[in-house]
Amino acid sequence: QVQLTESGGGLVQAGESLRLSCAASGSIRSAMGWYRQAPGKQRELVAAISRGGGMTNYLDSVKGRFTISRDNAKNTVYLQMNSLKVEDTAVYYCAANFDYKDILLGRSDTWGQGTQVTVSS
């Protein structure tokens, strides 16, 4: 089974940017998603991308600020986060599922360990 490893999290000030990476241990032939979970809140889908990269979906609150992309040659999915806000603070996870619909529904059997993003005011 493919393993996913997130990186790129950190502590930034509001308005700054971060780029998260999700590296797979093998070839990614799956739809991919970035999710986040803040303390005391449910996990939510932040962005999703189809296997070929032709379809993407975003949480309304990040539209225009975040961009999901993938490099299948490098087995890596990215989340570029610009104009970060305090409310973006959370642990960010990537996940893989063959079916794009399941990524949109938060259903996946392959998850990374998460990377912390903290945005200060």
Side-chain angles (χ1 to χ4, degrees):
Q1 187 174 1
V2 171
Q3 293 184 327
L4 304 175
T5 304
E6 302 96 335
S7 62
L11 172 63
V12 296
Q13 291 190 326
E16 294 184 339
S17 299
L18 280 174
R19 187 175 82 154
L20 305 184
S21 298
C22 173
S25 60
S27 180
I28 304 176
R29 295 190 180 92
S30 303
M32 301 292 295
W34 281 99
Y35 301 79
R36 68 187 182 189
Q37 187 165 22
K41 295 187 177 181
Q42 287 190 327
R43 184 182 66 203
E44 59 184 356
L45 175 67
V46 176
I49 189 166
S50 60
R51 276 175 280 158
M55 288 191 293
T56 57
N57 282 80
Y58 294 93
L59 182 68
D60 282 347
S61 63
V62 308
K63 285 180 181 177
R65 300 188 297 123
F66 290 12
T67 303
I68 189 171
S69 62
R70 64 191 298 160
D71 185 338
N72 288 342
K74 295 182 178 179
N75 299 324
T76 302
V77 177
Y78 304 97
L79 184 67
Q80 178 67 42
M81 306 187 294
N82 298 329
S83 303
L84 282 161
K85 303 177 180 181
V86 172
E87 51 264 42
D88 294 320
T89 296
V91 178
Y92 284 70
Y93 301 90
C94 67
N97 195 296
F98 185 80
D99 195 324
Y100 189 63
K101 178 186 66 179
D102 285 333
I103 286 291
L104 298 180
L105 294 174
R107 296 198 293 240
S108 175
D109 56 2
T110 305
W111 293 86
Q113 82 291 347
T115 185
Q116 176 71 46
V117 172
T118 304
V119 185
S120 64
S121 59

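Predicted model, so just to flag it, every value in this text is computed and none were measured.
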Worksheet item: Where is the tightest heavy-atom contact between L20 and W34, given as atom of each residue plus distance?
Response: CB-CH2, 3.6 Å

Worksheet entry | Set of residues satisfying salt bridge (Lys or Arg N to Asp or Glu O under 4.0 Å) with respect to R65, sequence neighbours excluded | D88

Fill in: Pairs satisfying disulfide (SG to SG under 2.5 Å), at least one member in residues 30-81, at least two apart
none

Worksheet entry | Atom pair CD (E16) and OG (S83), whose distance is rounded to the nearest 0.5 Å | 11.0 Å

Fill in: salt bridge (Lys or Arg N to Asp or Glu O under 4.0 Å) against K63, all qualifying residues, sequence neighbours excluded
D60

Worksheet entry | Partners meeting side chain to side chain donor-acceptor pair (under 3.5 Å) with T118 (sequence neighbours left out) | Q116

Donor-acceptor pairs under 3.5 angstrom involving side-chain atoms of residues 5-15: please list them, not counting sequence neighbours.
{"residue": "E6", "atom": "OE1", "partner": "Q113", "partner atom": "N", "Å": "2.9"}
{"residue": "E6", "atom": "OE1", "partner": "G114", "partner atom": "N", "Å": "2.9"}
{"residue": "E6", "atom": "OE2", "partner": "C94", "partner atom": "N", "Å": "2.8"}
{"residue": "E6", "atom": "OE2", "partner": "G114", "partner atom": "N", "Å": "3.3"}

Discussion item. Taking the side chain as everything from C-beta on, heavy atoms only, tell me whether F66 gets closer than 4.5 Å to L18.
Written reply: no

Worksheet entry | Pairs flagged by disulfide (SG to SG under 2.5 Å) wherever residues 46-81 is involved - sequence neighbours left out | none

Worksheet item: Residues in side chain to side chain donor-acceptor pair (under 3.5 Å) with R107, at least two apart?
Response: D102

Worksheet item: Is it true that atom CD of Q42 has more than 12 heavy atoms of other residues, nucleotides or ligands lying nearer than 6.0 Å?
Response: no

Worksheet, complete the sentence: Nearest heavy-atom approach of V62 to V46 is CG2-O, 3.7 Å

Worksheet item: Counting only heavy atoms not in Q37, do more than 12 sit closer than 6.0 Å to its CD atom?
Response: yes

Side-chain donor-acceptor distances from residues 71-81 under 3.5 Å, at least two apart:
{"residue": "D71", "atom": "OD1", "partner": "A73", "partner atom": "N", "Å": "3.1"}
{"residue": "D71", "atom": "OD1", "partner": "K74", "partner atom": "N", "Å": "3.3"}
{"residue": "N72", "atom": "OD1", "partner": "R70", "partner atom": "NE", "Å": "2.8"}
{"residue": "N72", "atom": "OD1", "partner": "R70", "partner atom": "NH2", "Å": "3.2"}
{"residue": "N72", "atom": "ND2", "partner": "R51", "partner atom": "O", "Å": "3.4"}
{"residue": "N75", "atom": "ND2", "partner": "G26", "partner atom": "O", "Å": "3.4"}
{"residue": "T76", "atom": "OG1", "partner": "K74", "partner atom": "O", "Å": "2.8"}
{"residue": "Q80", "atom": "NE2", "partner": "N82", "partner atom": "OD1", "Å": "2.9"}

Practice prompt. Apply side chain to side chain contact (heavy atoms under 4.5 Å, CB included) to S61 and E87, showing your working.
Written response: CA-CA 10 Å; S61 63; E87 51 264 42; over 6 Å; no

Fill in: S108 side chain to A96 backbone, donor-acceptor under 3.5 Å
yes

Discussion item. My understanding is that only residues two or more places apart in sequence, or in another chain, count here; which of them pass salt bridge (Lys or Arg N to Asp or Glu O under 4.0 Å) with E44?
Written reply: R36

Worksheet item: Looking only at heavy atoms, which two atoms of S120 and V86 are closest? And how far apart?
Response: C-CG2, 4.0 Å

Discussion item. Can you give me the closest heavy-atom contact between N97 and D99, atom names plus distance?
Written reply: OD1-N, 2.9 Å

Practice prompt. Treat each ILVMFWY residue as a node, draw an edge where side-chain heavy atoms are under 4.5 Å apart, and state whether V2 and I68 are in one component.
Written response: yes

Fill in: Hydrophobic cluster of M55, others only, ordered by chain and residue number, side-chain cut-off 4.5 Å
Y35, L45, V91, Y93, Y100, I103, L104, W111

Practice prompt. Determine which pairs satisfy salt bridge (Lys or Arg N to Asp or Glu O under 4.0 Å) with at least one residue from residues 19-30, sequence neighbours left out, and list them in order.
Written response: none

Worksheet item: Can you name the residues that form a side chain to side chain donor-acceptor pair (under 3.5 Å) with T110, not counting sequence neighbours?
Response: Q1

